[in-house]
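Take a look at the structure set out below.
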Amino acid sequence: MDDSGSQFADVIVGFKFLGYSDQPPPGTKFDAYCGDSVYTKVTQRYSEDPALKQKQSLVLRAIEEGKGEIADYAKSVVKRILAAQLETCWRLGASYDLLNWESQVVHSGMWERVFAMLKENGIVKLETEGDNKGCWVIPDPDTGEQKVVVRSDGTAVYVAKDIPYAAWKIGLVADPFGYELYQAAQPNGSELRSTVLSGGSRTDDFAGADQSISVIDARQAYLQKIVAKVLESMKGGSSARYLHRGYEVVALSKSTAQGLGFRIEGEFAHMSGRAGLYVNVDTVLDRLGERARSETRKRNQKEPDEWVSDVSEAIAVAALRYELLKQDPDRIIVFDTEEALKLQGDTGPYLQYTYARARRILDKTEGTPQISEESASMMKTKQEARLVKKLSALDVGVARAGEFLSPREVAKFAHELAVSINDFYESVQVNREPNPSLRDARLALVDAASRVLAQSMSIIGVPRRSRI
RNA sequence: GGGCCCGUAGCCUAGCACGGAUUAAGGCGUCAGCCUUCGGAGCUGAAGUGGCCGUACCCCAGAAACCAUGGGUUCGAAUCCCACCGGGCCCGCCA
């Protein structure tokens, strides 16, 4: 949780010094209100009145010290923003095990200890001349360039917060944190804990992982390389235990940017919080949900509204998650609002539809199918053979996903399986098959297929319903 | 100046990490089909290029597409290497 950055400080400036209400208008989430409205306005005020910047540094200092009225107020705002953001995460079916706070990393004293170790090993040195005079720097042996880690005024720069955090993850520094319960049960039933600097209980559930994988924006690749290099040079450290899984950003298509009132040059534009050029997850989900709702209603005239709402939300989440997951993480995703609203073709809802179709066959079946080697061998069409073969490949997809740190391998598998199921569905009859042995064999195949599909969907977090 | 990523059909993408089985695989869009049906959010099929101002049809040309482009390695390259073009990103005593 980035609770000590300047962007967050700007929001506090807005509430404390510019008189913006800290209550969002009805129907607006608090995080969206802070980001869309307060933050943008404060940034604008800075450009009109540069003196306001002093308030920002005042707030930053107060947060840094962690004591006093402003700091306490800031903490309460952080909690409210976090609560709103968790709501969105949970809506997407994501959950966490532990909350980490940047401010706690800073206050934990880990940096001081790591810094001492780095000095001892000669990884960092005090520059005595040139532009960086008076700074502690890490020299790059390859390029000869220097990365400043401690400013000439003695304060630490951004990477200097990341280094101890990374070291903590793989256990190169003693764990300074206590752990306490933050939320007993998230929607998936698991508990959510938070680090604390005083109190809490000790646990070795989190710090000192054998392998840490940091999923961070590709633009941070250079800094992450520095972090990995520093870890490698520490006692017991190795860069192999700290991996950076980079991913390219999501940008906005020309037409989507124009829809937000921006005129852009090229084919797409990078999002910018400062400029207000971005789309919120909740907004996208809402719009997807609307489209899904009308489609669902069309197909299910008699169902109660509540049922339709639940299904539409599941479809919206499936569409968004699958869309983002199926793509190459090294490629910029150009997000287009219209394009993203697709519910047909190679999409999350296609998986859901396929699952529901398979379930439907099983629901219309009475009794348990009896299957034998003999009846199984009665399935002779190429569609049946392909489906059987496909079923056995789930673990291959999962293994590849692990090997390449790429969950989309599972997404690809799920899609291919769904294609095989639909192909099967169109080419053979199950419940109408007159030969009872063959019918049972096919039923067993449908049952197996629906279970493997369910499993792969749950791995990639695509929700499913037995009817949609 | 240094470094990283991307470039595949009208559009979006898969395949590249380990070079070889295919006609380079899907989706969207377009056109034509499939509902007395276990669900049509599905399935099946079609569309190479150039010329005639444009479109449809016809006609004509043409051994005749292909992974940005050009080389290289190889028996074999979308995949490996080099170069080059285009797009994006990073290189701060910001975070």
Side-chain angles (χ1 to χ4, degrees), chain A residues 2 4-9 60 102 127 131-137 140 142-162 217-226 246-249 251 253 266-270 291-292 295-296 298-300 311 315 318-319 323 326-334 336 338-340 342-354 356-365 383 400 403-406 408 411-412 415-416 418-419 421-433 439 442-443 446 467-468:
Chain A
D2 181 5
S4 56
S6 62
Q7 294 169 332
F8 172 61
L60 272 173
E102 187 175 277
E127 185 56 74
D131 289 344
N132 295 335
K133 187 176 177 187
C135 299
W136 287 88
V137 300
D140 186 327
D142 301 331
T143 64
E145 283 175 20
Q146 298 180 333
K147 174 67 198 167
V148 172
V149 284
V150 174
R151 303 184 185 95
S152 51
D153 67 2
T155 57
V157 304
Y158 175 67
V159 265
K161 295 177 191 171
D162 248 25
D217 184 341
R219 289 175 298 193
Q220 302 254 23
Y222 170 69
L223 288 177
Q224 284 299 311
K225 221 171 86 185
I226 293 175
Y247 60 89
E248 268 299 345
V249 292
S253 74
E267 288 306 303
F268 63 90
H270 288 284
R291 166 137 341 168
E295 293 293 319
T296 306
K298 207 161 61 190
R299 292 167 172 79
N300 300 278
V311 168
I315 289 172
E323 186 63 24
K326 75 171 184 183
Q327 315 229 28
D328 183 348
D330 288 334
R331 228 159 136 145
I332 292 176
I333 295 176
V334 178
D336 185 271
E338 287 313 307
E339 194 70 12
K342 276 188 327 193
L343 303 175
Q344 300 179 349
D346 184 8
T347 62
Y350 176 77
L351 302 181
Q352 294 178 308
Y353 170 75
T354 307
R357 259 185 149 182
R359 291 295 321 170
R360 196 73 176 140
I361 295 177
L362 299 169
D363 289 347
K364 294 208 164 174
T365 311
Q383 286 85 354
R400 284 175 65 90
E403 189 183 342
F404 303 145
L405 304 181
S406 179
R408 79 193 178 116
K412 275 190 239 162
H415 178 253
E416 286 164 13
V419 168
I421 293 173
N422 280 315
D423 202 19
F424 165 88
Y425 186 97
E426 299 288 334
S427 65
V428 303
Q429 303 280 305
V430 180
N431 278 325
R432 291 205 200 85
E433 169 57 45
R439 196 199 59 196
R442 284 181 178 157
L443 273 170
V446 171
R467 284 191 302 126
I468 67 171

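Quick caveat, the model's predicted, so the values are computed rather than measured.
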If you measure from the [atom1] atom in [N] to the same atom in [M], how many Å do you get, rounded?
N: B:G3; M: B:G92; atom1: P; answer: 15 Å
N: B:C4; M: B:A64; atom1: C1'; answer: 40 Å
N: B:G39; M: B:G50; atom1: C1'; answer: 47 Å
N: B:G15; M: B:U30; atom1: C1'; answer: 26 Å
N: B:C11; M: B:U49; atom1: P; answer: 13 Å
N: B:C5; M: B:A61; atom1: C1'; answer: 43 Å
N: B:C28; M: B:G45; atom1: P; answer: 14 Å
N: B:U8; M: B:A14; atom1: P; answer: 10 Å

Have a look at [X] and say if it touches a base, only the backbone sugar-phosphate, or nothing, with a 4.0 Å heavy-atom cut-off.
X: A:L362; result: nothing
X: A:R360; result: base
X: A:K298; result: nothing
X: A:A356; result: base
X: A:D363; result: nothing
X: A:V428; result: base
X: A:V157; result: sugar-phosphate

Distance check needed: [N] [atom2] versus [X] [atom1], whole Å only.
X: A:Y247; N: B:C6; atom1: OH; atom2: C1'; value: 17 Å
X: A:K225; N: B:G2; atom1: NZ; atom2: C1'; value: 10 Å
X: A:I226; N: B:G92; atom1: CD1; atom2: C1'; value: 11 Å
X: A:I332; N: B:G7; atom1: CD1; atom2: P; value: 11 Å
X: A:K147; N: B:A95; atom1: NZ; atom2: P; value: 9 Å
X: A:E426; N: B:G45; atom1: CD; atom2: P; value: 12 Å
X: A:E102; N: B:A95; atom1: CD; atom2: P; value: 9 Å
X: A:Y350; N: B:G40; atom1: OH; atom2: P; value: 13 Å

Q) Salt bridge check: are A:R151 and A:D153 linked by an N-O gap of less than 4.0 Å? A) no

Q: Inspect the contact between A:E295 and A:K298 and indicate whether a charged nitrogen and a carboxylate oxygen are less than 4.0 angstrom apart.
A: yes

Looking at the side chain of [X], which of [options] is the nearest nucleotide?
X: A:L343; options: B:C93, B:G26, B:A41; answer: B:A41
X: A:F404; options: B:A17, B:G88, B:A95; answer: B:A17
X: A:K342; options: B:A41, B:C28, B:C89; answer: B:C28
X: A:N422; options: B:U44, B:G42, B:G40; answer: B:G42
X: A:R151; options: B:G42, B:C6, B:C94; answer: B:C94
X: A:Y222; options: B:C91, B:C28, B:A95; answer: B:C91
X: A:R331; options: B:G7, B:G26, B:C43; answer: B:G7
X: A:K412; options: B:G26, B:G15, B:U44; answer: B:G15
X: A:P349; options: B:G42, B:C5, B:A41; answer: B:A41
X: A:F268; options: B:C89, B:G87, B:G40; answer: B:G87

Q) According to the 5.5 Å centroid and 30° plane-angle thresholds, does A:Y353 stack upon the nucleobase of B:G42? A) no

Q.
Keeping A:R359 on the side-chain end and A:R467 on the backbone end, is there a donor-acceptor pair under 3.5 Å?
A. no

Q) Per the atom types in the model, does the base of B:A41 pair as donor or acceptor with the side chain of A:T296 at under 3.5 Å? A) yes

Q.
Does A:S6 contact B:C94 through a side-chain donor or acceptor facing the base, at a distance under 3.5 Å?
A. no

Q: Using the closest heavy atom to pick a nucleotide of RNA chain B for each, name whichever of A:A156 or A:V334 lands nearer the 5' end.
A: A:V334

Q | A:R408 or A:Q429, whichever maps to the more 5' nucleotide of RNA chain B | A | A:R408

In the strands shown, is [N] matched to any nucleotide by a Watson-Crick or G-U wobble pair with both distances under 3.5 Å, and which?
N: B:A83; result: B:U69
N: B:A95; result: none
N: B:C43; result: B:G33

**Q.** Side-chain N,O (A:R357) to OP1/OP2 (B:A41) below 4.0 Å
**A.** no

Q.
Under 4.0 Å from OP1 or OP2 of B:C89: is there any side-chain N or O of A:H270 that close?
A. yes

To the nearest 0.5 angstrom, please state how far the [atom1] atom of [X] sits from the [atom2] atom of [Y].
X: A:L343; Y: A:I315; atom1: CG; atom2: CD1; result: 7.0 Å
X: A:Q344; Y: A:D346; atom1: CD; atom2: CG; result: 12.5 Å
X: A:S4; Y: A:K161; atom1: OG; atom2: NZ; result: 4.5 Å
X: A:R331; Y: A:E248; atom1: CZ; atom2: CD; result: 11.5 Å
X: A:S253; Y: A:I333; atom1: OG; atom2: CD1; result: 13.0 Å

Q.
Give me the atom names and distance for the closest heavy-atom approach of A:Q383 to A:F424.
A. CB-CA, 4.0 Å

